[in-house]
Structure formats: structure tokens, C-alpha cells
Amino acid sequence: MKIDFVSDVSCPWCAIGLKSLETALERIGPGLQADLHFQPFELNPTMGPDGQDVAEHLGEKYGLSPEQVAQNGEAIRARGAAVGFTFSMGARRRIYNTFDAHRLLHWAETEGRQRELKLALFKAYFTDGEDPSDHTLLARVAGEVGLDETRAREVLASGAYADDVRQQEQFYQQQGIHAVPAVIIDGRHLIQGGQPAEVFEQALRQIAAAPGA
């Protein structure tokens with residue numbers, strides 16, 4: 001079963017959704033062989049190099065008051081804790097451009113370390129409050145998950161995989177994906193949002209049991 005996980009490293013519900021999906025796969029067990037691929041999606045493709053204050057950004061983009069931003073943050077923190085992911089809401093102060101993170105993830109897939117890098121980038125941003133657009137941070141995290149840090153720096157400096165990432169982003173947008181996470185099973189079944197593990201588990205079992213699956 002091929003699973004395309006369309007997401008952004010600056011999307012908290014993507015971190016929650018990934019942990020829930022992994023829990024579902026663990027519950028189903030080895031009877032289901034899942035081939036997981038992370039596909040790029042940018043929530044803020046025009047974000048400048050300096051980023052933007054989180055509360056300011058959410059207020060402008062979604063019309064949320066500071067109180068609503070705080071309430072949403074607490075709900076996200078609680079959901080994260082329930083699936084074993086730590087959101088340090090006070091640490092994440094800015095929204096950043098994530099295009100280079102997606103380029104690095106594309107490269108990491110060719111090296112067999114995409115999942116490890118994805119999880120590490122979620123932690124770097126949401127738990128540690130670090131800047132996922134910073135090349136030094138990206139290269140360091142790549143090294144921490146077993147990738148060649150020197151090669152990571154070369155990839156980032158060269159602009160490698162930029163066309164590949166843009167093509168993938170355009171493909172999924174053309175398929176109607178305008179919000180993430182979007183979990184696509186075998187190219188034809190869509191599970192939208194940071195669902196609980198039970199929802200992913202039920203859907204995966206039904207898809208696997210369907211005729212022709």
C-alpha cells in the first residue's frame with residue numbers, strides 16, 4: 001500500500017496526523033506493508049526570509065484574535081500530547097518559509113531517510129522553536145538523522161531539487177489538495193486532516209480489504 005502524506009513542516013496538524021497515522025499502522029501490524037512518501041505543500045509560499053510573528057500571521061490569515069490564537073494553541077498542544085508529540089507553544093514564535101526544507105526532504109527520500117528527517121524537522125520547529133528555513137539548522141538536523149551533513153549543505157546552497165518540489169506541489173494542487181495534511185492511499189483514496197488514529201486505522205483496514213486492493 002502506497003501512502004502519500006502531503007504536508008508542510010510548519011503545519012501542526014500535519015505533525016499530529018503523522019503520529020496518528022503511525023499509531024494506526026502499528027496497530028494494524030505487519031500484515032499491511034505501507035510504503036510511506038512525504039509530498040510537499042507550502043502553507044505560506046510567499047513568506048519572506050525573516051518570517052512573521054505567529055499571532056500576527058494567524059490574525060491576518062484567519063481573522064483570529066490573540067485569545068483565539070491562544071485557545072487554538074492549547075487545543076493543538078493537548079492533541080499533540082495525546083499522540084506523543086510535544087508542542088512547546090511558547091517556543092514557536094514565528095512562521096517561516098519552508099521551501100528549502102521541502103527540497104531537503106526530497107533529497108532525503110533518495111537517501112532513504114525521509115521519514116526520519118520529517119519527524120526531526122517537526123521537532124525542531126514545534127518543540128524546539130527553531131527556524132526551518134535556516135540552512136545551518138536544516139543541515140544539522142539532516143546530520144542528526146544519519147544523512148551526510150556536508151552533502152545537505154551542498155544541496156541547500158545549490159538550489160537542487162527546486163524544480164522537483166515545485167512540480168510535486170503543482171501536481172497535488174491540481175488534484176484538489178488545498179489543505180493539509182492530506183493522506184492519499186494508492187493514489188485514489190483521500191483521508192483529509194489530522195485525524196485520530198482510530199479513523200486512520202479503520203480507513204486503512206477497509207481499503208486493504210476492498211476487492212482489487
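Throughout, residue positions are numbered sequentially from 1 according to the sequence presented. From a predicted model like this one, the values you see are computed outputs, not experimental measurements.
Nearest heavy atoms, A24 versus F200: CB-CB, 3.7 Å. Across every non-hydrogen atom of A142 and W107, the tightest pair is CB-CZ3, 4.5 Å. Minimum interatomic distance between Q173 and H178 (heavy atoms only, all atoms of both residues): O-CE1, 3.6 Å. In terms of heavy-atom proximity, S7 sits nearest to C14 at CB-SG, 3.4 Å. Here the closest heavy-atom approach between residue L18 and residue K118 is recorded as CD2-CG, 4.3 Å. Summarising the geometry of N97 relative to F99, their closest heavy-atom pair is OD1-N, 2.9 Å, with the distance given to 0.1 Å.
Hydrophobic clustering (side-chain heavy atoms under 4.5 Å, transitive across Ile, Leu, Val, Met, Phe, Trp, Tyr) groups L147 together with V155. Clustering ILVMFWY residues whenever any of their side-chain heavy atoms sit less than 4.5 angstrom apart, transitively, puts I191 in the very cluster that holds L36. One hydrophobic cluster holds both I3 and W13 under the rule that ILVMFWY side chains link at heavy-atom gaps under 4.5 Å. The cluster map of Ile, Leu, Val, Met, Phe, Trp and Tyr, joined by side-chain heavy atoms under 4.5 Å apart, puts L137 and L117 in the same cluster. The hydrophobic cluster containing F5 does not contain Y172, counting ILVMFWY residues as joined when their side-chain heavy atoms lie under 4.5 angstrom apart, directly or transitively.
Here the NE2 atom belonging to H189 is positioned 13.5 Å from the NZ atom belonging to K2, to the nearest 0.5 angstrom. Atom-to-atom distance recorded for L21:CG and E201:CD is 11.5 Å, nearest 0.5 angstrom. The CZ atom of R92 sits 6.5 Å away from the CD1 atom of I76 when rounded to the nearest 0.5 Å. Separation of atoms CD (Q206) and CD1 (I185) is listed at 12.0 Å; rounding is to 0.5 Å. Note: L190 CG to Q175 CD = 10.5 Å, rounded to the nearest 0.5 Å. E169 contributes atom CD, which lies 13.5 Å from atom CD1 of I177 (distance to the nearest 0.5 angstrom).
Counting heavy atoms from C-beta on, the side chains of D8 and H102 come closer than 4.5 Å. Between V54 and H57, the closest side-chain pair of non-hydrogen atoms is not below 4.5 Å. Residues V83 and T23 form no side-chain contact, since every pair of their non-hydrogen atoms from C-beta on lies 4.5 Å or further apart. For the pair E22 and L119, the minimum side-chain heavy-atom distance is below 4.5 Å. Counting heavy atoms from C-beta on, the side chains of V141 and L104 never come closer than 4.5 Å.
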Candidate pair K123 and E144, rule salt bridge (Lys or Arg N to Asp or Glu O under 4.0 Å), full reasoning | CA-CA 12 Å; K123 178 182 180 295; E144 290 172 353; over 6 Å; no
Could you check T98 against L121 for side-chain contact (heavy atoms from CB on, under 4.5 Å), going step by step and ending with a plain yes or no?
-> CA-CA 10 Å; T98 56; L121 289 175; over 6 Å; no
Tell me, with the steps shown, if Y96 and S10 meet side-chain contact (heavy atoms from CB on, under 4.5 Å).
-> CA-CA 8 Å; Y96 295 98; S10 65; over 6 Å; no
Taking it one step at a time, do F38 and R115 satisfy side-chain contact (heavy atoms from CB on, under 4.5 Å)?
-> CA-CA 8 Å; F38 294 96; R115 173 185 170 275; 3.8 Å; yes
side-chain contact (heavy atoms from CB on, under 4.5 Å) evaluation trace for N44 with K61 = CA-CA 10 Å; N44 303 288; K61 189 172 184 178; 3.1 Å; yes
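Proximity of a side-chain donor or acceptor of R94 to a complementary backbone N or O of D50 within less than 3.5 Å is detected. The backbone N or O of Q68 sits less than 3.5 Å from a side-chain atom of S65, completing a donor-acceptor pair. D35 places no side-chain N or O within donor-acceptor distance of the main-chain N or O of M1, the cut-off being under 3.5 Å. Remark: the backbone N or O of L156 is paired with a side-chain donor or acceptor of R103 at under 3.5 angstrom. Using a distance-only test at 3.5 Å, with no hydrogens or angles considered, no donor-acceptor pair links the side chain of E42 to the main chain of M47. Remark: the backbone N or O of T150 is paired with a side-chain donor or acceptor of D148 at under 3.5 angstrom. Using a distance-only test at 3.5 Å, with no hydrogens or angles considered, a donor-acceptor pair links the side chain of S20 to the main chain of Q195. In this structure, Q192 contributes its side chain and P181 its backbone to a donor-acceptor pair below 3.5 Å. Proximity of a side-chain donor or acceptor of T127 to a complementary backbone N or O of A124 within less than 3.5 Å is not detected.
The side chain to side chain donor-acceptor pair (under 3.5 Å) pairs that include a residue from residues 75-88 are E74-R77, where partners are two or more places apart or lie in different chains.
Under a 4.0 Å N-O distance rule, the pair R93/D53 does not qualify as a salt bridge. The pair E111-R151 fails the salt-bridge criterion, with no side-chain N (NZ, NE, NH1 or NH2) lying under 4.0 Å from an Asp/Glu carboxylate O.
The aromatic rings of Y161 and H106 are tilted relative to each other, their planes meeting at an angle between 30° and 60°.
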